[in-house]
Protein chains: 2
Amino acid sequence: MCKEGSFSGDGDGKGTRPMDPDKPVTAAAGGAADMIAKLQSYKQAGASLDNCPIRDVLGQIGDKWSTLLLITLGERSHRFGELRRAVPDISQRMLTQTLRDLRRDGLVSRHVHPTVPPSVEYRLTSLGHSLLEPLSHLTRWADAHHPAIRAARLAFEREVA
Amino acid sequence: MCKEGSFSGDGDGKGTRPMDPDKPVTAAAGGAADMIAKLQSYKQAGASLDNCPIRDVLGQIGDKWSTLLLITLGERSHRFGELRRAVPDISQRMLTQTLRDLRRDGLVSRHVHPTVPPSVEYRLTSLGHSLLEPLSHLTRWADAHHPAIRAARLAFEREVA
DNA sequence: CAGCATCCACTGTGATACTG
DNA sequence: CAGTATCACAGTGGATGCTG
């Protein structure tokens, strides 16, 4: 299993970057190599990769609604109903549940205003906010390469057919 | 692209974003704001967010095995059996299926060597390789903040109890 | 308004056995 | 070796109705 306090097995420190917000993106290959090396160390550390950070985080934000809510809350804090309207095709069940999971992981905080019609405000915690930046790299990639992916899918369909 | 940052000058009445004092959002806002603006434009473009790039990509790499395989293949190309050994707890069914999906999206290519015992080599395409970099930002974040997340989960458990 | 409870369909995942 | 096929099951997500 994964280690507790020190997440990187390496002692050289090249893998431990303490979330500098304006880190240069130039660490392209470096970042990837880092990631690969990290994975290797996980494999050696524990037999199971089930609870390694990568899985843990991706399992969460990889679900259907988390990122959408995270980004929406990244704009500004929203009330429950606002979120429903902001993400129209989410069911109220999933909104509640996803918010709960996000809250559970410390990414979102919940603030109840004791008014007569209850009013609950959700907003990103600092942790949640810090996730937006790495997430944006991914969404930027997704955006940039989405046409390529769709093209690949079409090509694949033809290929199999 | 991404010029539609209209929300930045929001000027809405509640523009006062009560921010956690320990986390200035300044630097992260660059990429993140872009992402937020993009989401806004998606919402306006189509009624459904189902097929927006973010969902499309995250839905793929958010599954249980894709990232693991992507990173593993990022190290070097692997044969089928090598991948099984490299990711011990994947079932052969899921390995096949995930590889197929990855291939479908043009992230991985498949090369059959017509030897007597069939030998198939999988490797990242350039598209797949390009995904490694943004992905590494996320894994780095995951790694760095995993303790915080686990702490939040523990705190949450206590809180509800 | 915000949220919970229930029922239900679909999909992702795994175990096992079989094939080219 | 590199798959495919079948079955079984758990988790996810949607629809609906109810509550404080």
Side-chain angles (χ1 to χ4, degrees), chain A residues 47-51 55-56 58-69 72-73 77-105 108-123 156 159-160, chain B residues 14 47-51 55-69 72-73 77-105 108-123 156 159-160:
Chain A
S48 161
L49 292 170
D50 266 342
N51 34 18
R55 288 287 265 302
D56 212 350
L58 284 178
Q60 173 62 40
I61 72 164
D63 72 357
K64 200 173 181 184
W65 304 107
S66 288
T67 52
L68 234 35
L69 292 181
T72 301
L73 288 175
S77 67
H78 282 65
R79 290 180 45 190
F80 190 86
E82 285 182 316
L83 283 172
R84 285 185 73 166
R85 287 185 292 276
V87 187
D89 48 349
I90 194 176
S91 69
Q92 167 250 40
R93 178 195 201 280
M94 277 301 108
L95 179 53
T96 301
Q97 181 174 308
T98 306
L99 283 173
R100 207 178 48 92
D101 290 343
L102 257 23
R103 209 152 63 87
R104 191 178 80 102
D105 285 5
V108 163
S109 60
R110 182 173 178 272
H111 306 268
V112 182
H113 299 175
T115 56
V116 173
S119 160
V120 181
E121 183 190 356
Y122 289 91
R123 65 164 174 257
F156 191 78
E159 183 181 333
V160 215
Chain B
K14 58 200 310 184
S48 159
L49 291 170
D50 267 343
N51 35 18
R55 288 287 268 299
D56 212 349
V57 168
L58 283 179
Q60 173 62 40
I61 72 165
D63 73 357
K64 199 173 180 182
W65 304 107
S66 289
T67 52
L68 234 35
L69 292 181
T72 301
L73 288 174
S77 66
H78 282 66
R79 290 181 46 190
F80 190 86
E82 284 183 317
L83 283 172
R84 285 186 72 166
R85 286 185 292 277
V87 187
D89 48 350
I90 193 175
S91 71
Q92 150 260 43
R93 170 182 156 66
M94 278 301 106
L95 180 53
T96 301
Q97 181 174 309
T98 306
L99 283 173
R100 208 178 52 89
D101 291 343
L102 257 23
R103 207 151 66 85
R104 191 177 84 101
D105 285 5
V108 162
S109 60
R110 182 175 179 271
H111 307 268
V112 182
H113 299 175
T115 56
V116 173
S119 160
V120 180
E121 184 190 355
Y122 290 91
R123 64 161 169 262
F156 191 78
E159 183 180 335
V160 220

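Only heavy atoms go into these numbers, but all of them, side chains included; no hydrogens, no water, no symmetry mates. Order of the sequence lines fixes the chain letters, A, B, ..., with proteins taken first and strands second; residue numbering starts at 1 for each chain.
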Going by the rule side-chain contact (heavy atoms from CB on, under 4.5 Å), which residues pair with A:Val112 if we only count those two or more places apart in sequence or in a different chain?
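A:Arg110, A:Val120.
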
message: The criterion is side-chain contact (heavy atoms from CB on, under 4.5 Å); which residues satisfy it with A:Arg100, sequence neighbours excluded?
response: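 side-chain contact (heavy atoms from CB on, under 4.5 Å) list for A:Arg100, sorted by chain: B:Phe156.
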
Distance check needed: [N] [atom2] versus [X] [atom1], whole Å only.
X: A:Leu95; N: C:dG3; atom1: CG; atom2: P; value: 8 Å
X: A:Glu82; N: C:dG3; atom1: CD; atom2: C1'; value: 17 Å
X: B:Arg84; N: D:dA2; atom1: CZ; atom2: C1'; value: 9 Å
X: A:Glu121; N: C:dG3; atom1: CD; atom2: P; value: 12 Å
X: A:Gln60; N: D:dG11; atom1: CD; atom2: C1'; value: 14 Å
X: B:Phe80; N: D:dT4; atom1: CZ; atom2: C1'; value: 10 Å
X: A:His111; N: C:dG3; atom1: NE2; atom2: P; value: 13 Å

May I ask you to say what B:Thr96 touches in the nucleic acid, namely base, sugar-phosphate or nothing, with a heavy-atom cut-off under 4.0 Å?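 It contacts base atoms.
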
Base, sugar-phosphate or nothing for B:Arg110? Non-hydrogen atoms, less than 4.0 Å.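 Sugar-phosphate only.
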
Q) Within a strict 4.5 Å, meaning less than it, do heavy atoms of the A:Leu83 and A:Leu73 side chains meet? A)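 Yes. Closest side-chain heavy atoms under 4.5 Å.
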
Next on the checklist: Under 3.5 Å, is there a donor on one side chain and an acceptor on the other for B:Ser119 and B:Arg79?
Outcome noted: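 There is such a pair (donor and acceptor under 3.5 Å, judged by atom type) between the side chains of B:Ser119 and B:Arg79.
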
Going 5' to 3' through nucleotides 13-19 of chain C and flagging B where a protein heavy-atom sits under 4.0 Å of the base, S where only the sugar-phosphate is that close, and - otherwise, we get BBBBB--

Quick one: does any side-chain atom of B:Ser66 pair with a main-chain N or O of B:Gln60 as donor and acceptor, under 3.5 Å?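 Present.
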
Using modelled atom types only, decide if a donor and an acceptor are shared between the side chain of B:Thr98 and the backbone of B:Trp65 within a distance under 3.5 Å.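 Pair absent, no side-chain N/O of B:Thr98 close to backbone of B:Trp65.
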
Problem set entry | Below 4.0 Å: OP1/OP2 of D:dG3 and any side-chain N or O of B:Tyr122 |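 True: B:Tyr122 side-chain N/O within range (under 4.0 Å) of D:dG3 OP1/OP2.
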
